[in-house]
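Computed from a prediction, not measured in an experiment: that's the story for all the values here. For this chain, numbers begin at 1 and follow the sequence in order. As the structure lists them, so they are numbered: ligands from 1, and atoms in each ligand from 1.
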Amino acid sequence: MNTSLIILAAGMGTRMNSDLPKVLHPIAGDPMLVHAMAAGATLDPQHTVVVAGHGAAEVTAAAHAFDETATVVVQSEQLGTAHAVDQAKHALAGFDGTAIVLYGDTPFVEPHTLEDMLSAAEGADVVVLGFEAADPGRYGRLIMDGASLERIVEFKDATKDELAVTLCNSGVIACKSDLLFDLISAVDNTNASGEYYLTDIIGLARARGLKATAVTCAEAETLGVNSRAQLAQAEAAFQARARVKLMEDGVTLQAPETVFLARDTFIGRDAYIEPNVFFGTGVTVESGAHIRAFSHLEGCHISRGSVVGPYARLRPGAELQENTRVGNFVEIKNATLAEGAKVNHLSYVGDAFVGSKANIGAGTITCNYDGVMKHHTHIGANAFIGSNTMLVAPVQIGDGAMTGSGSVITSDVEENALALARAPQVEKPGMAQKLMDMLRAKKAKQQRGS
Ligand code: UD1
Ligand code: CA
């Protein structure tokens with residue numbers, strides 16, 4: 001079926017008490033808007049229209065970072081959800097299919113639920129996503145007559161009897177695009193809030209003899225975020241589900257409640273994750289890799305057989321090929337470790353290539369930044385970098401070459417060569433003893449004098 005998305009994201013989100021537009025507050029590393037866009041994207045929509053308002057420039061940037069083909073329209077005054085959807089009318093002119101309305105602050109609607117709505121839309125003119133609310137609170141109430149949805153009444157406009165209804169409106173609606181805008185043109189704002197309610201299209205559709213129905217989902221999917229406390233609850237709910245999902249997929253989480261995942265974290269079967277590991281966005285861990293405790297990973301790829309941590313930091317562009325080792329207090333950024341390479345202790349490897357089976361000694365640093373520009377370091381296969389080597393980039397270490405401990409390497413080292421770049425050792429027999437005697441005598445003299 002031909003579908004398009006309309007994602008409402010214009011609201012101010014007053015209760016967030018923030019300069020950041022509400023829909024850009026992150027859950028699992030991505031703005032909540034992106035969660036809604038990602039769920040909608042599984043339907044392979046023809047158009048995605050984001051309705052921005054407060055913080056429109058930032059919302060536009062975030063929308064385009066996820067989907068550069070998305071259309072962003074601006075609702076300069078927030079006059080209600082029907083008015084918000086109406087802003088997408090021009091963007092969807094000529095679109096012949098079903099429009100699905102999502103909210104940018106309702107991040108957890110599941111793809112299979114959207115599929116259910118599209119199926120229901122084959123037999124009804126308007127389909128609303130409802131849920132049985134444990135506490136219906138201020139949600140709009142779905143007034144059903146058997147399988148027919150007769151109308152939606154907003155909390156502020158509801159009678160006592162209507163408030164007793166527990167089947168509530170999630171806000172998600174599916175409707176043929178032309179019909180949606182046609183119905184919206186008949187919505188007015190004569191209600192308790194003085195707003196143009198999208199929910200009024202149900203009563204309008206029924207008055208025309210059209211069919212409306214509701215599809216239901218678990219309340220957890222409709223969780224909306226209006227405050228920082230709800231943002232924290234949404235984060236916790238996401239993490240709990242994502243951990244369970246990983247374990248079902250065959251990943252061992254030794255202490256699941258201490259592992260934090262991103263929306264897009266991918267971890268292969270039989271990977272082993274020790275306690276207190278943080279995944280930022282863009283991490284892929286292949287089957288059988290082992291991530292040890294207290295590691296912080298983002299934008300990196302870890303191949304099978306590799307062991308990372310404890311206390312490792314992998315930053316964007318870290319590419320670990322098979323059977324590599326990255327040990328404690330090691331930072332890797334924008335660098336490839338070829339198969340079997342080892343960086344086991346206290347090192348910084350940035351803007352670099354480390355050849356297969358190369359061994360990087362403790363305390364090695366790629367000096368990649370001259371204060372203005374970044375430079376590349378190339379380390380050949382089987383190279384042995386002595387402890388505390390400074391590799392002043394741009395520099396190349398040939399295959400099988402060695403650097404002496406404590407060297408400051410400023411020019412290329414040819415293959416199989418040993419480079420030593422440190423002050424030669426000077427030895428003075430008996431000098432230590434003489435020096436100590438002299439210092440002790442000086443101290444004794446001072447004490448007598450005081
Ligand atoms: C809305 C529904 C209510 C439902 C609830 C679910 C209406 C009239 N009411 O109420 O039935 O139970 O959601 O959470 O639709 N927005 C805009 N522009 C506007 C107004 C809103 O973009 O002019 C966006 C908001 O940013 C938000 C969403 O639409 O993402 C919902 O708006 P909100 O004002 O929160 O609606 P509710 O009163 O919660
Ligand atoms: Ca709301």
Side-chain angles (χ1 to χ4, degrees), residues 5-16 18 20-25 31-37 40 49-56 59-60 63 72-88 100-109 126 128-143 149 151-158 162-163 165-173 175 180 183-184 187-204 212 214 216-217 219-227 230-231 234:
L5 306 174
I6 301 170
I7 304 182
L8 305 191
M12 167 140 76
T14 314
R15 286 163 62 200
M16 295 301 284
S18 176
L20 189 66
K22 174 162 82 169
V23 295
L24 298 190
H25 281 264
M32 53 181 125
L33 171 66
V34 166
H35 289 255
M37 291 179 77
V49 184
V50 175
V51 181
H54 287 277
V59 170
T60 302
V72 180
V73 295
V74 176
Q75 183 195 25
S76 39
E77 257 188 305
Q78 280 73 55
L79 303 180
T81 46
H83 180 256
V85 172
D86 203 42
Q87 308 307 304
I100 294 197
V101 177
L102 299 172
Y103 290 175
D105 63 356
T106 306
F108 297 146
V109 178
V126 187
V128 170
L129 181 63
F131 62 102
E132 279 296 336
D135 170 14
R138 305 181 67 83
Y139 288 116
R141 309 299 206 266
L142 301 192
I143 309 301
L149 174 60
R151 60 202 170 84
I152 301 179
V153 57
E154 288 304 300
F155 169 80
K156 283 189 187 167
D157 304 287
E162 287 166 341
L163 286 178
V165 171
T166 53
L167 183 62
C168 291
N169 176 27
S170 68
V172 181
I173 287 184
C175 181
L180 176 67
L183 291 168
I184 284 174
V187 171
D188 66 29
N189 64 350
T190 54
N191 52 54
S193 308
E195 284 181 14
Y196 294 88
Y197 291 161
L198 181 60
T199 46
D200 281 357
I201 68 168
I202 310 303
L204 290 167
T216 56
C217 69
E219 187 168 6
E221 289 184 47
T222 70
L223 179 74
V225 174
N226 298 300
S227 64
Q230 285 173 348
L231 182 67

Does [X], backbone or side chain, put an N or O under 3.5 Å from an N or O of ligand 1?
{"X": "L79", "value": "yes"}
{"X": "E77", "value": "no"}
{"X": "V51", "value": "no"}
{"X": "G140", "value": "yes"}
{"X": "G104", "value": "no"}
{"X": "L198", "value": "no"}

Task: Among V51, V74, V23, side chain to side chain contact (heavy atoms under 4.5 Å, CB included) partner for V59 - done: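 Option passing the side chain to side chain contact (heavy atoms under 4.5 Å, CB included) with V59: V23.
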Open item on the list: For V49, run the side chain to side chain contact (heavy atoms under 4.5 Å, CB included) check against V85, L8, V73 and tell me which one passes.
Closed with: V73
TODO: Return yes if some donor-acceptor pair links the side-chain N/O of S193 with the main-chain N/O of E195 below 3.5 Å, else return no.
DONE: no
TODO: Give a yes or no answer on whether the side chain of R141 reaches the backbone of L163 with a donor-acceptor pair at less than 3.5 Å.
DONE: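 Yes, because the side chain of R141 sits within donor-acceptor range (under 3.5 Å) of the backbone of L163.
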TODO: Tell me, please: is G53 in heavy-atom contact with ligand 1, that is, under 4.0 Å?
DONE: no
Task: Min heavy-atom dist G224 to ligand 1 below 4.0 Å - done: no
- [ ] Give a yes-or-no answer on whether the side chains of N189 and Y197 include a donor-acceptor pair shorter than 3.5 Å.
- [x]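 There is no such pair between these side chains.
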Task: Donor + acceptor pair across side chains of E132, T216 (<3.5 Å) - done: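 There is no such pair between these side chains.
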Task: Chi angles and distances behind the salt bridge (charged side-chain N to carboxylate O under 4.0 Å, His left out) call for R151, E162 - done: CA-CA 11 Å; R151 60 202 170 84; E162 287 166 341; 2.7 Å; yes
Task: Among R141, Q75, E154, closest by any non-hydrogen atom to atom 3 (C) of ligand 1 - done: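 Of the listed residues, E154 has the closest heavy atom.
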Open item on the list: Given Y196, F131, Y139, identify the one with the heavy atom nearest to atom 14 (O) of ligand 1.
Closed with: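 The option holding the nearest heavy atom is Y139.
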I need the atoms of ligand 1 closer than 4.0 Å to a non-hydrogen atom of [X], numbered in the order shown.
{"X": "Y197", "answer": "8 (C)"}
{"X": "L8", "answer": "22 (O), 24 (C), 29 (O), 30 (O)"}
{"X": "S170", "answer": "6 (C)"}
{"X": "G11", "answer": "22 (O), 26 (O)"}
{"X": "T81", "answer": "7 (C), 8 (C), 15 (O), 20 (C), 21 (C), 29 (O), 31 (C), 32 (O)"}

Open item on the list: Can you tell me how the ring of Y196 sits relative to the ring of H83, calling it parallel under 30°, perpendicular over 60° and tilted otherwise?
Closed with: tilted
Open item on the list: Quick one, N226 and D105 - any side-chain contact, counting heavy atoms below 4.5 Å?
Closed with: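 The answer is yes, as the side chains (C-beta and beyond) meet within the 4.5 Å cut-off.
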Open item on the list: Using side-chain heavy atoms (C-beta onward) and a distance below 4.5 Å, is I184 in contact with L180?
Closed with: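 The answer is yes, as the side chains (C-beta and beyond) meet within the 4.5 Å cut-off.
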